Protein chains: 2
Amino acid sequence: MAAKRRQTAQQEHAADVATYVAAGGEESVQRVITAVFSVTKKLDQWYVRQFADLDLTQGEWSVLASLARAGDTCLTPSQLADLSNVAPSSMTHRLDKMAGRGLLQRRPDESNRTRTLVSLTKDGWALFSAAVRESNVVESDTLRGLSDSERHELARLLEIVIAGLDDIDA
Amino acid sequence: MAAKRRQTAQQEHAADVATYVAAGGEESVQRVITAVFSVTKKLDQWYVRQFADLDLTQGEWSVLASLARAGDTCLTPSQLADLSNVAPSSMTHRLDKMAGRGLLQRRPDESNRTRTLVSLTKDGWALFSAAVRESNVVESDTLRGLSDSERHELARLLEIVIAGLDDIDA
DNA sequence: AAGTCGAACTTCGATGACGAAATATTCGAT
DNA sequence: ATCGAATATTTCGTCATCGAAGTTCGACTT
């Protein structure tokens, strides 16, 4: 498969950027954004295959990871929908399924009974941990061309970008 | 909305990385990968809103962009399905809709009649160009915290990653 | 030259996701 | 205190997506 490709990944990337620039994009922007999406697209493909072993879809992974990152704090279905970029109505059924598998539990919020609080069960945490360790394999492979200092620099630059993200919505 | 957040985006990011590391991920890996996904998640949200103006879903955008990047070369439905990370059967209906809107055309491949060749129409190219110019706005905003040399360095590092992606599938 | 295997595309049934409406609860104003 | 607006969640109808089976065609074998 890799042997039959005519151009290198860099050449393809450069050609893609040129297409976007020709259509009206700025070069310094498109070069970065296109590269970011190339990486995530490839990672997404691998996640689908890796998570299939754990009977986990990407949507379920998103819920699992959101709850894990929240730590002790419970999250509501609405918050999970926001964090997962799906409609609240879609989250209902997703949580039904995951609760049925024993990955999470829902309980009413006593202080505000319109809310429902969702938290991971022990099994949910175990699955999260297993998924992180599985995905870390391909993620580590993805970055194997970078030295430690380069990874540090890459993270630093991306974190600058992240720091500005929330202010743009206005 | 931005005013009511307790922690900065960097602090949240650091906490997320810590969660993944606690679950068994490597820090130098998780710091980069988590940051990449933070950026793409935010960009995806904006794309949905921006492309709604053009009556364009993300799936349709993927087809449009794949064909545009291919330039003069026609692509088959299977290739488009691969490039868009969807099942071939899903591409059939998607192409039906887009052909109905006059964005692309399908014609049989004379040299191999099991194949169908898909190409953009004039309207398809126009919509692609409009979408690129629209999305460049938010993409440019996203990178506004980086200097030119930092953008260059960020692109360089990401391109190193891209160069190694194709060799991992083995 | 016929037959078989494989590739490409489409149809079909079932699942997942969305938006709108319905339900239930809280908050604020009169 | 009560009425009205806002919030959170769930149902419901519709459309997109998936995997599997079906169909058509090309390539390779014998």
Side-chain angles (χ1 to χ4, degrees), chain A residues 1 4 41 44-45 47-49 51-53 55-64 66-67 70 73-101 103-119, chain B residues 1 4 41 44-45 47-49 51-53 55-64 66-67 70 73-101 103-119:
Chain A
M1 141 99 72
K4 82 161 70 155
K41 182 191 276 188
D44 278 337
Q45 290 176 0
Y47 288 147
V48 171
R49 302 202 310 209
F51 288 168
D53 303 336
D55 259 306
L56 203 62
T57 66
Q58 295 187 87
E60 290 162 344
W61 162 249
S62 175
V63 173
L64 215 58
S66 297
L67 288 170
T73 312
C74 290
L75 295 177
T76 67
S78 305
Q79 291 173 317
L80 286 167
D82 279 344
L83 292 167
S84 300
N85 277 352
V86 299
S89 57
S90 306
M91 190 53 64
T92 299
H93 185 239
R94 197 183 283 180
L95 293 178
D96 283 344
K97 262 191 66 182
M98 295 180 73
R101 279 178 65 185
L103 300 175
L104 51 84
Q105 51 203 350
R106 276 185 282 198
R107 63 187 172 82
D109 183 348
E110 298 302 334
S111 70
N112 182 343
R113 302 217 309 279
T114 66
R115 291 205 178 100
T116 302
L117 297 178
V118 182
S119 57
Chain B
M1 139 98 73
K4 82 159 73 157
K41 182 191 276 186
D44 277 337
Q45 290 175 0
Y47 287 148
V48 170
R49 301 202 310 211
F51 288 168
D53 302 336
D55 258 308
L56 203 61
T57 67
Q58 294 188 85
E60 291 163 345
W61 161 249
S62 175
V63 172
L64 215 58
S66 297
L67 288 169
T73 311
C74 291
L75 295 177
T76 67
S78 305
Q79 291 173 318
L80 286 167
D82 280 344
L83 291 168
S84 301
N85 278 353
V86 298
S89 59
S90 306
M91 191 51 64
T92 300
H93 181 58
R94 196 183 284 180
L95 293 177
D96 283 345
K97 263 191 65 181
M98 296 180 73
R101 279 179 65 184
L103 299 176
L104 50 83
Q105 52 201 352
R106 275 186 283 197
R107 62 187 172 82
D109 182 349
E110 297 303 334
S111 68
N112 181 343
R113 301 216 309 278
T114 66
R115 291 207 178 98
T116 304
L117 296 178
V118 181
S119 57

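Bear in mind that the values here come from a model prediction, so they are computed numbers and not experimental data.
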Exercise. OP1, OP2 of D/dC15 versus side-chain N and O of B/K97: anything below 4.0 Å?
Worked result: no

For this session: Tell me which nucleotide among C/dT10, C/dC18, D/dT10 gets nearest to the side chain of A/V86.
Result: C/dC18

Exercise. Nearest 0.5 Å, what's the CG-CE distance between A/L75 and A/M91?
Worked result: 10.0 Å

Problem set entry | Any B/L64 side-chain heavy atom under 4.5 Å of B/M98 side chain | yes

Exercise. Can you tell me how far C1' of C/dA8 sits from CG of B/L80, to the nearest Å?
Worked result: 13 Å

Seminar exercise, completed: From CZ of A/R49 across to P of D/dG19 the rounded distance in Å is 14 Å

Exercise. Hey, does A/S89 reach any base, or is it just sugar-phosphate, or nothing, if we go heavy atoms under 4.0 Å?
Worked result: base

Exercise. Which of the following nucleotides, D/dT17, C/dT11, D/dT10, is nearest to the side chain of B/H93?
Worked result: D/dT17

Exercise. Can you tell me how far the OG1 atom of B/T116 sits from the CZ atom of B/R107, to the nearest 0.5 Å?
Worked result: 10.5 Å

Problem set entry | Of the listed nucleotides C/dA17, D/dA16, D/dT11, the one nearest the side chain of A/S90 | C/dA17

For this session: Using a heavy-atom cut-off of under 4.0 Å over every strand shown, decide if B/T57 touches base, sugar-phosphate, or nothing.
Result: nothing

Exercise. Counting side-chain heavy atoms from CB outward, which of C/dG16, C/dT10, C/dT26 is closest to B/P77?
Worked result: C/dT10

Problem set entry | Nucleotide C/dG16, atom C1' - distance to CG of A/D55 in whole Å | 16 Å

Exercise. Sub-3.5 Å donor-acceptor pair from the side chain of A/S66 to the main-chain atoms of A/S62, do we have one?
Worked result: yes

For this session: Report the distance from atom CG of A/D109 to atom P of C/dC27, rounded to the nearest whole Å.
Result: 11 Å

Exercise. Does D/dC25 have OP1 or OP2 sitting under 4.0 Å from an N or O in the side chain of B/T114?
Worked result: no

Exercise. Is a side-chain N or O of B/R94 found less than 3.5 angstrom from the main chain of B/G59, in a donor-acceptor match?
Worked result: yes

Exercise. Would you say a side-chain N or O of B/R94 is under 4.0 Å from OP1 or OP2 of D/dA16?
Worked result: no

For this session: Send over the distance from B/L117 CG to C/dA8 P, rounded to a whole Å.
Result: 12 Å

Problem set entry | Interatomic distance where CG belongs to A/N85 and C1' belongs to C/dC18 [whole Å] | 14 Å

Seminar exercise, completed: Sorted by position of nearest nucleotide on DNA chain C, 5' first, the leading residue of A/R113 and B/N112 is B/N112

Seminar exercise, completed: Rounded to whole Å, the CE-P distance (A/M98 to C/dA17) equals 11 Å

For this session: Using heavy atoms to find the nearest nucleotide of DNA chain D for A/R115 and A/D96 separately, return the residue whose nucleotide is more 5′.
Result: A/R115

Exercise. What is the distance, rounded to the nearest whole Å, between atom CE of A/M91 and atom C1' of C/dG19?
Worked result: 16 Å

